[in-house]
Novice: 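I have a structure here, written as structure tokens, and I will follow up with some questions on it.
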Amino acid sequence: FGGRSDSCDVVVLRAEGSQGMNASRGGEEIQKMIKFGFVGLDAVNLACAENGGVDIFLSTDDLLLKRAKRHSKKIRVRVMSPLDWLQEMI
């Protein structure tokens with residue numbers, strides 16, 4: 001898998017009053033992410049995060065981070081590495 005780990009840990013923190021994935025929009029959101037170059041579960045996870053109103057999506061996947069940075073004006077969720085997020089919080 002090109003240096004990518006076959007396992008991942010997912011932590012979802014939902015803001016008070018946030019909504020879950022809307023099934024009718026879910027497919028559209030996933031297609032939008034695929035159009036931006038995200039593939040497989042990356043596209044699904046980002047679409048869910050965006051549709052669910054997540055503020056920050058943390059990832060250690062360099063390719064995902066590069067793509068997200070390239071399309072940061074077009075996606076509604078902020079994508080960061082855990083290290084960058086932690087440095088920002090300190």
Side-chain angles (χ1 to χ4, degrees):
F1 288 86
R4 292 176 63 164
S5 172
D6 356 13
S7 65
C8 65
D9 295 321
V10 177
V11 177
V12 177
L13 301 175
R14 290 183 55 167
E16 190 172 318
S18 67
Q19 302 295 315
M21 179 68 126
N22 179 327
S24 63
R25 279 190 47 105
E28 295 171 18
E29 296 289 342
I30 293 168
Q31 289 303 314
K32 179 176 90 171
M33 294 301 169
I34 290 170
K35 206 158 73 167
F36 295 153
F38 299 102
V39 294
L41 290 177
D42 290 346
V44 173
N45 290 332
L46 280 170
C48 288
E50 188 173 88
N51 199 5
V54 170
D55 295 321
I56 300 172
F57 182 96
L58 300 179
S59 176
T60 58
D61 184 331
D62 290 333
L63 184 57
L64 184 144
L65 292 166
K66 285 179 188 176
R67 282 197 177 114
K69 185 175 184 178
R70 190 176 325 133
H71 297 290
S72 63
K73 303 283 187 207
K74 301 172 196 164
I75 58 177
R76 295 186 309 265
V77 63
R78 187 173 175 202
V79 180
M80 301 177 73
S81 76
L83 181 58
D84 289 342
W85 175 79
L86 184 59
Q87 289 174 336
E88 191 176 286
M89 292 294 109
I90 295 177

Novice: Determine the minimum heavy-atom distance between Pro82 and Ser59, stating which atoms define it.
Specialist: CD-O, 3.3 Å

Novice: Taking Asn45 for its side chain and Leu41 for its backbone only, find out whether a donor-acceptor pair lies under 3.5 Å.
Specialist: yes

Novice: I'd like to know if Met80 and Leu64 are part of one continuous hydrophobic network [Ile/Leu/Val/Met/Phe/Trp/Tyr, side-chain heavy atoms within less than 4.5 Å].
Specialist: no

Novice: Please round to the nearest 0.5 Å and tell me the distance separating atom CD of Glu28 and atom CG of Asn51.
Specialist: 9.5 Å

Novice: Which atom names give the shortest non-hydrogen contact between Ala68 and Phe38, and what distance separates them?
Specialist: N-CZ, 3.6 Å

Novice: For the residue pair Leu65 and Thr60, what are the closest heavy atoms and their distance?
Specialist: CD1-C, 4.5 Å

Novice: Between the main-chain N or O of Gly37 and the side-chain N or O of Arg67, is there a donor-acceptor pair closer than 3.5 Å?
Specialist: yes

Novice: Can you find a heavy atom in the side chain of Met33 that is under 4.5 Å from one in the side chain of Val39?
Specialist: no

Novice: The test is side-chain contact (heavy atoms from CB on, under 4.5 Å); show your working for Asp55 and Arg78 and say whether it passes.
Specialist: CA-CA 6 Å; Asp55 295 321; Arg78 187 173 175 202; over 6 Å; no

Novice: Locate the shortest heavy-atom distance separating Lys32 from Lys74; write the atom from each residue and the value.
Specialist: NZ-O, 3.7 Å

Novice: Minimum heavy-atom separation for Ile34 and Ala43, please, with both atom names.
Specialist: CG1-CB, 3.8 Å

Novice: Can you find a heavy atom in the side chain of Asp61 that is under 4.5 Å from one in the side chain of Asp42?
Specialist: yes

Novice: Under a 4.5 Å side-chain heavy-atom rule over Ile, Leu, Val, Met, Phe, Trp and Tyr, are Leu58 and Leu46 clustered together?
Specialist: no

